[in-house]
2 protein chains.
Amino acid sequence: MTEKIATIEDVARQAGVSIATVSRALHKPNVVSETTRERVQTAIAATGYTANVMARNLRLNRSGMILLLVPDIGNPFFSAILSGIEKGASQAGYNVLIGDTQNDPEREATYAAYLRSNQADAMILLNGRLPAPLAKAPANATPPVVIACERIPGCALPTVIIDNDEASFVATNHLIDLGHTRIAHVSGPTGNILTTDRVTGYRRALKSAGITHEPGLIYRGDFSIDSGIAAGRALLADPKTRPTAVCCASDGMAIGVIVAAKEVGLRIPHDLSVVGFDDIPHAAAYDPPITTVRQPRRRLGEQAIALLLDRLGSKTPPSHGETGPVIIPTELIVRQSTGPCPG
Amino acid sequence: MTEKIATIEDVARQAGVSIATVSRALHKPNVVSETTRERVQTAIAATGYTANVMARNLRLNRSGMILLLVPDIGNPFFSAILSGIEKGASQAGYNVLIGDTQNDPEREATYAAYLRSNQADAMILLNGRLPAPLAKAPANATPPVVIACERIPGCALPTVIIDNDEASFVATNHLIDLGHTRIAHVSGPTGNILTTDRVTGYRRALKSAGITHEPGLIYRGDFSIDSGIAAGRALLADPKTRPTAVCCASDGMAIGVIVAAKEVGLRIPHDLSVVGFDDIPHAAAYDPPITTVRQPRRRLGEQAIALLLDRLGSKTPPSHGETGPVIIPTELIVRQSTGPCPG
DNA sequence: AAGCCCTGTGTAAACGTTTTCATTTTCGAT
DNA sequence: ATCGAAAATGAAAACGTTTACACAGGGCTT
């Protein structure tokens, strides 16, 4: 009753050939005669045969699966990156298995084990941390792993990132060019490499303009809108010490700061300039449209998968004369959330 | 040189037992003696053995993979749903393979073939369309498939959705209660079932309030911010025929309408009330904060995976005395983008 | 006419598991 | 001591492929 699924053997029987011939007809068509090839084709159609990928992969010792480690799949920031990766992978005949790590080292380790257990052929890390099992023996044989989004200091694996330091430098400079000198920075969480790099760029810009750095003007957020609101309330509370411009490490936090600014009656950009980071779709539609650093997320994903496929294609374990990370250029998009210093 | 990966045979040799015993020690610990169990454990530790999942799955004729079909993974709307599904799946020991269909029926068919080829054990559809291979023989044996987000009319498969008709009815009524009578509706793309249902709810609300429906007050968008801007410009161009309230089928379009409204100098909600749909995080942080229908996306995902696991757990091909779709309740979140009718 | 290569095909091994079945060992009850 | 049941183990089949190897036949070249 329960319709048995057709195997290669059924096809062979139907076509009156051996299973080897069926396999060849499918994967090396030029080595099998025209007539049998046709017979096999009709037999396949008749039986509705679909190759059992599991068996095939076992034999070939591959999985056709690329594992993608994401800290939080619920974060829309990754959507476009995923999209770029998925596109490239599926073109090359790979599937993308997304692993949501929730920033849990244990989950990271679990997923990393997929590499060993042949459940995945390669891995892309968006989580900015090397899973424990990988960290152990990176020296002898480089695993097929690519790092994207957040560089991992001291890790020689192929990496594709944006230059966060430089991008933050440019953003801060934009405010300096507008005449601002009291410029605050709302950063990401401590320990995050993105945070470090962007703070560095911010301070570098101040320094190169001869502005003395005030530690009180740096607020640590977590990239979320809510943390931006908190930052805004903290920074703008006292009219005396209030900055005239804020440079944020995410668009969400920039929006939060603007919300807080409006609460205390400040007009943007007349009384306060705000710069974001990422250029998410909502940045352009906000009131006012937000000046921000555009991060080409899709291209970032595309580059990452390209790097990986490269690595998978050539058997040569990557030219260990490291070429350094691939840097995707960013672009400052000037909109209406920034203007001349009110002073 | 190249470190060979350890198989079950290596473990068996190391422990001085047969491979059968190793397998049993791992999967049926109670059937093997304490002492050998320990010997096997140390052997595993010594060899660094990890079971080859591919071989295991071939033998067990399963894949441990749940296929998730998404129309566009780049769309943040799905992020939270994915998150909910992923959580439930991984708790049950399944992996989630995300298939980005780009609304391409061919890609849908390709992915659906994964079911036949044992590359996936089950499937969740978020794309609102039955892949061709599935549509063929749904009658005899119901495949392990669950539909979420967009119901597929005339399809008996387990489904989890929100009541779009009712939600739209409630949203429109909210505007009617505020005294509005010229109420526009910005809908999704034609052919989309969400569009149909939400338009129905909108018209039902008008009708039940005795307001005559003007076809010119419905604008077809595509859920995006840009289409919302276009809708706003079209609807608000002529001050004579201009509506006093707009009910949108997505928060993005609501934001777009507000952008267009501000262009022509309208104040929200004083001159124009706007309602969104979904309650994305940005809805609350917009200026003004947007009144919208909250769609519990994570719960939607959780329900979908729960339904599927249910189906997978019990061998019984689902109680065909259909219980009808599972409805996740929505909630109207009233913020400051809606107010009394200016007239 | 004998030898040879070339094309096309079949046989069987291999991939790494799980599990059935048979066999050995253990051990308590007679 | 002996028997028998229960417990523990091993041998081998099976899952559905791909591919190395062998082999058959046919058309060349000598």
Side-chain angles (χ1 to χ4, degrees), chain A residues 2 4-41 43-44 47-65 93 113-121, chain B residues 2 4-41 43-44 47-65 93 113-121:
Chain A
T2 161
K4 195 80 174 57
I5 223 161
T7 87
I8 199 174
E9 208 153 352
D10 300 326
V11 177
R13 201 174 315 120
Q14 179 98 9
V17 297
S18 78
I19 61 169
T21 303
V22 175
S23 175
R24 279 189 285 252
L26 286 174
H27 302 292
K28 326 196 156 158
N30 47 323
V31 89
V32 70
S33 85
E34 172 108 20
T35 66
T36 41
R37 200 165 52 222
E38 275 168 8
R39 267 224 311 275
V40 169
Q41 285 302 347
I44 286 180
T47 54
Y49 168 72
T50 328
N52 182 325
V53 180
M54 213 91 61
R56 169 161 224 268
N57 286 346
L58 171 60
R59 177 60 225 251
L60 298 183
N61 194 36
R62 55 159 252 158
S63 68
M65 204 69 81
Y114 283 25
L115 274 188
R116 282 194 72 76
S117 58
N118 278 352
Q119 214 171 167
D121 296 339
Chain B
T2 162
K4 194 79 173 58
I5 222 160
T7 87
I8 198 175
E9 208 153 352
D10 300 326
V11 177
R13 201 173 316 121
Q14 179 97 11
V17 298
S18 78
I19 61 169
T21 303
V22 175
S23 175
R24 278 189 285 252
L26 286 173
H27 301 292
K28 325 194 157 159
N30 47 324
V31 88
V32 69
S33 85
E34 172 110 19
T35 67
T36 43
R37 199 165 54 221
E38 275 168 9
R39 267 224 309 276
V40 168
Q41 285 302 345
I44 286 180
T47 55
Y49 169 72
T50 328
N52 182 324
V53 180
M54 212 92 61
R56 169 160 224 267
N57 286 346
L58 171 60
R59 178 60 224 254
L60 297 183
N61 194 36
R62 56 158 252 160
S63 68
M65 204 69 81
Y114 283 27
L115 272 188
R116 282 194 73 76
S117 58
N118 279 352
Q119 214 171 168
D121 296 338

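Letters A, B, ... are given to chains in the order of the sequence lines, protein chains preceding strands, and every chain is numbered from 1.
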Let me have DNA chain C in dot-bracket notation, would you? Count Watson-Crick plus G-U wobble pairs, both distances under 3.5 Å, and use [ ] for pairs crossing earlier ones and | for inter-strand partners.
||||||||||||||||||||||||||||||
Could you tabulate the donor-acceptor pairs under 3.5 Å formed by side-chain atoms of residues 18-25 of chain A, not counting sequence neighbours?
unit_1: A/Ser18; atom_1: OG; unit_2: A/Ala20; atom_2: N; d: 3.4
unit_1: A/Ser18; atom_1: OG; unit_2: A/Thr21; atom_2: N; d: 3.4
unit_1: A/Ser18; atom_1: OG; unit_2: A/Thr21; atom_2: OG1; d: 3.3

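A/Met54 contributes atom CE, which lies 8.0 Å from atom CE of B/Met65 (distance to the nearest 0.5 angstrom). Between the CG atom in B/Asn52 and the CD1 atom in B/Ile5 there is a gap of 8.0 Å [rounded to 0.5 Å]. Taken from CG in B/Leu26 to CD1 in B/Ile8, the straight-line distance is 6.5 Å, to the nearest 0.5 Å. Residue A/Tyr49 holds its OH atom at 11.0 Å from CD of A/Glu9, rounded to the nearest 0.5 Å. A distance of 10.5 Å separates CZ in A/Arg56 from CD in B/Gln119, rounded to the nearest 0.5 Å.
Of the listed nucleotides (C/dT17, D/dG16, C/dG10), C/dG10 has the atom at the smallest distance from the side chain of A/Ser18. Checking C/dT17, D/dT17, D/dG10 against the side-chain heavy atoms of B/Thr21 singles out D/dG10 as nearest.
Using a 4.0 Å heavy-atom cutoff across all strands shown, B/Ser23 reaches at least one base atom of the nucleic acid. Backbone-only engagement by A/Leu60 is indicated by non-hydrogen atom pairs under 4.0 Å involving sugar-phosphate atoms exclusively. Residue contacts for B/Asn52: at a heavy-atom cut-off of 4.0 Å it reaches the sugar-phosphate backbone alone, with no base atom in range. Contact annotation for B/Val53: no contact, since no heavy-atom pair falls under 4.0 Å across all strands.
Side-chain N/O atoms of B/Lys28 include one lying less than 4.0 angstrom from OP1 or OP2 on C/dT19.
Put simply, CG on A/Asp10 is 11 Å from P on D/dC15, counting in whole angstrom units. In this structure, CG of A/Asn57 is placed 12 Å from P of D/dT19, rounded to the nearest angstrom.
With hydrogens and angles disregarded, no donor-acceptor distance shorter than 3.5 Å links the side chain of A/Arg62 to the backbone of A/Asn57.
Two residues, B/Ala55 and B/Arg24, neighbour DNA chain D, and the one matched to the more 5' nucleotide by heavy-atom proximity is B/Arg24. Positionally, the nearest nucleotide of DNA chain D for B/Ala20 lies more toward the 5' end than for the other of B/Asn118 and B/Ala20.
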Please test B/Val53 against A/Asn118 for side chain to side chain contact (heavy atoms under 4.5 Å, CB included), starting from the C-alpha separation and ending with a verdict.
CA-CA 7 Å; B/Val53 180; A/Asn118 278 352; over 6 Å; no
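A/Ser63 and A/Asp121 form a side-chain donor-acceptor contact under 3.5 Å, judged by distance and modelled atom types alone.
Near DNA chain C, meaning a heavy atom under 4.0 Å away, there are no residues from residues 32-40 of chain B.
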